[in-house]
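Values reported hereafter were calculated over all heavy atoms of this structure, with side chains retained and with hydrogens, waters and symmetry mates removed. Letters go in sequence order (proteins before strands), and every chain restarts at 1.
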Number of protein chains: 2
Amino acid sequence: MEEIRRTKSHGDKSRTRRVRISDLAQALGLTKSTVSRALNGYSDIAPTTRARVAKMAAQMGYAPMPYAQAVRTGRVRALGLVLELDAPDRYGPFLADFLGGITQEASLEGWTLTVSSSSSRSEMEATVTRLLQEHKVDGFILPRTQVDDPRAAFLSAKHVPFVMFGRTDHGRPDAGHSWYDIDNAGAMRAAITRLAAMGHRRIAFVGPPASFNFALLRRDGYREGLAQAGLAHDPVLEIMEVAEREEGAEAARRLLDLPDPPSAILYATDATALGAYDVARERGLEIGRDLSLIGYDGIPEARLVTPPLTTFAVDSHHAGARLAALLIAQLRGTDPAELTELVEAPLRAGGSDGPPRTRE
Amino acid sequence: MEEIRRTKSHGDKSRTRRVRISDLAQALGLTKSTVSRALNGYSDIAPTTRARVAKMAAQMGYAPMPYAQAVRTGRVRALGLVLELDAPDRYGPFLADFLGGITQEASLEGWTLTVSSSSSRSEMEATVTRLLQEHKVDGFILPRTQVDDPRAAFLSAKHVPFVMFGRTDHGRPDAGHSWYDIDNAGAMRAAITRLAAMGHRRIAFVGPPASFNFALLRRDGYREGLAQAGLAHDPVLEIMEVAEREEGAEAARRLLDLPDPPSAILYATDATALGAYDVARERGLEIGRDLSLIGYDGIPEARLVTPPLTTFAVDSHHAGARLAALLIAQLRGTDPAELTELVEAPLRAGGSDGPPRTRE
DNA sequence: TAGGTTTCCGAAACTGGTTTCGTAAAGGCG
DNA sequence: CGCCTTTACGAAACCAGTTTCGGAAACCTA
């Protein structure tokens, strides 16, 4: 660390000086305390004065410096996001959209996003603690909520506002947290309903490792869909622990080699569903006729295969935007228990599903 | 906007009060000005006093509040990153690693990362301007540098420190900017050298649209590699404008249907190289024997195919970390012209390349 | 019209730091 | 040993805001 001589060179502050609240006050013939209260909506300012101040502020391009405000208020208008580096799929191709959604929404309200990362729980706690201690963020967005999420417990204990992407406990009454979630089970039910309406009677399901919360939710939706459609649940047609494209292909081979193979396969993720395309090519099966497929996620590649994969298009951008909006509302005083949103993932029909070829 | 009554409720500040510089000063029997100067390395503090202060600060867990410092210094120890939402590939699977690299390095130095996004140039300028005006960041990291990048020009004009991922002008003397880059051309040369050493004489190249800067760089590397190996450059073997897996497959078909087909194909991106696997399966070709392939990027999926794709593993995490380090160094006063780094992408050998099958 | 309220603004304290400036004490020199 | 520098710290101003408090003027009411 280099020594600092008595007179520290200050860098050239040649950029035109920004307008401060005192400049604004002087221009208006008021004191800065009045201007501050006018701008912050205090009730002891005359409406006419408030309007004058607002107008002049806009005219002079005045914008308060959040850091200076933070010294007094403790709020910096910054949202925090902690990425988990040990996430096996690196958040796939969705991270950019997700971040875009958060930042665009935050930007509209004059907030910003501070991101950090951690590769273990202890590191996460250290990171969060530092961000809070340094007053760099006002609240957190938690992606990838798990059942009984340690982050939620940690932040709750510290009375730090946060919103979760995904609910921690399903069915049970909420713990008063704020969340945004996509109806995974509902999408799977809708897929089964769709396939059953087309005439499919044996529909298989291929899902990710059961350690993922969403894997269980989607599997439950599959089973519920079968029940709704009046179809029996055959355990042979349900394969879990499938994460990669190649594993998805392997699952398809096993299913098609059954004595009574399914006519349709519902994949819990697009990435694994693409493996079925490889198998279809191997075996000369026409997807959408000989074998129907439906995926989930809406990854870009799903549109590019032939025929395009029918899937549920998760809108990461929208998720990010809503999460930001929910957190900002909470930071402005809304009760977190009121800030919950459950949305449906819309179906994006490709050509990968159709009526089963009638056996003759 | 709701009215604020005269006495604003302040939220429950029940969390134990943080130690302030004045607490520290009192505990030491010094004034806060002395403590501040001791902590910031001023030369007019006795070494013994400095040590005493440092020790007590550690003991009491004192950490200055960056926002309060910022009011006076104008520096907030925050790096800015502007994502471009219109990037066609959404930064692929690399964004999480890249962000992880930046934030981990920044965190070590006590800095944080503020990200924002834009979907057009004017939006980018507005976003950057707001971040600067609000003093939310001290400098920027620019991903995806293009030739003659408008962002660099914009920030230069405002005298805002920044580092670029990728050089703007190659060959020409630098404009005094700071950058980090991966030697694209060098990797392609190395690939050709490797294939030539294995005995390949006709090596094709499949590259992305020429509007991408890196596409041209990699193509140049291919050509240089051929020249170094003493091989002729056959324009028929060079296919550009290929971005997706399916297009990569199509390119492979065209090349293999030539009267004198190549024995090896160098793909500028892994995603497109995977298309050649589909073609090999179609035609019963054994990859690594009948057809050699080398890719570039090191995407996760490249390890999972059979045989694994030989590729150049770009280390996004490292790139992020180094960019953060370069920017922080610049913000601490180092001349940006001295802060440049060119790294090689290391080869990650799979089994997709080998000696050509001898024609008989 | 006197007396009590309200309304509305200014003055000043405050936030948590940094930096300038002044000066007492210690050290160097002849 | 006296004078001139250094050394090392304290006092106070400062940064850009917010918030508390007090009081003059305007508004009611009787």
Worksheet item: dT18(C), dT20(D), dG16(C): which one has an atom nearest the side-chain heavy atoms of Arg20(B)?
Response: dG16(C)

Item to complete: Kindly assign one of parallel, tilted or perpendicular to the pair Phe162(A) and His177(A), based on the angle between their ring planes and the thresholds 30° and 60°.
Response: tilted

Worksheet, complete the sentence: Per nearest nucleotide of DNA chain D, the residue lying toward the 5' end, Lys32(B) or Thr34(A), is Lys32(B)

Discussion item. What is the separation between atom OH on Tyr67(A) and atom C1' on dC15(D), rounded to the nearest whole Å?
Written reply: 15 Å

Item to complete: Can you label the angle between the Phe165(A) ring and the Phe98(A) ring as parallel, tilted or perpendicular, going by 30° and 60°?
Response: parallel

Worksheet item: Side-chain N or O of Tyr62(A) less than 4.0 angstrom from OP1 or OP2 on dG17(D)?
Response: yes

Worksheet entry | side chain to side chain contact (heavy atoms under 4.5 Å, CB included) assessment of Asp315(A) paired with Val343(A) | CA-CA 10 Å; Asp315(A) 189 342; Val343(A) 303; over 6 Å; no

Discussion item. Please report the distance, rounded to the nearest Å, between NE2 in His135(A) and C1' in dG17(C).
Written reply: 13 Å

Worksheet item: What's the spacing between Leu339(B) CG and Tyr180(B) OH if we round to 0.5 Å?
Response: 14.0 Å

Practice prompt. Check the side chains of Lys136(B) and Thr112(A) for a donor-acceptor pair under 3.5 angstrom, ignoring hydrogens and angles.
Written response: yes

Item to complete: Would you classify Thr49(B) as touching base, sugar-phosphate or nothing, given that sugar-phosphate means primed atoms plus P, OP1 and OP2, and contacts are heavy atoms under 4.0 Å?
Response: sugar-phosphate

Worksheet entry | Side-chain donor/acceptor of Thr31(A) to base of dA11(C), under 3.5 Å | no

Worksheet item: For Asp44(B) and dT19(C), what is the distance between atoms CG and P respectively, to the nearest whole Å?
Response: 12 Å

Worksheet item: Quick one: is Gln69(A) getting a side-chain N or O under 4.0 Å of the dT18(D) phosphate, OP1 or OP2?
Response: yes

Response to the item:
Rounded to whole Å, CD1 of Ile21(A) lies from P of dT19(D) at a distance of 11 Å

Item to complete: Nearest whole angstrom, please: distance from the C1' of dG10(C) to the CZ of Arg37(A).
Response: 8 Å

Worksheet item: What nucleotide, of dG16(C), dT18(D), dT18(C), holds the atom closest to the side chain of Asn40(A)?
Response: dT18(D)

Discussion item. What is the separation between atom CD1 on Ile45(B) and atom C1' on dT18(C), rounded to the nearest whole Å?
Written reply: 13 Å

Discussion item. Whether the side chain of Arg72(B) and the base of dT18(C) hold a donor-acceptor pair under 3.5 Å is what I'd like checked.
Written reply: yes

Discussion item. Judged by each residue's nearest nucleotide on DNA chain C, which is more toward the 5′ side, Gly29(A) or Ser33(B)?
Written reply: Gly29(A)

Item to complete: Please state how far atom CG in Leu30(A) lies from atom C1' in dA11(C), giving the value in whole angstrom units.
Response: 14 Å

Worksheet, complete the sentence: Sorted by position of nearest nucleotide on DNA chain D, 5' first, the leading residue of Met65(A) and Pro47(B) is Pro47(B)

Worksheet item: Is any side-chain N or O of Tyr42(B) closer than 4.0 Å to OP1 or OP2 of dT19(C)?
Response: yes

Fill in: Atom-to-atom span, CZ of Arg52(A) to C1' of dC8(C) - whole angstrom
13 Å

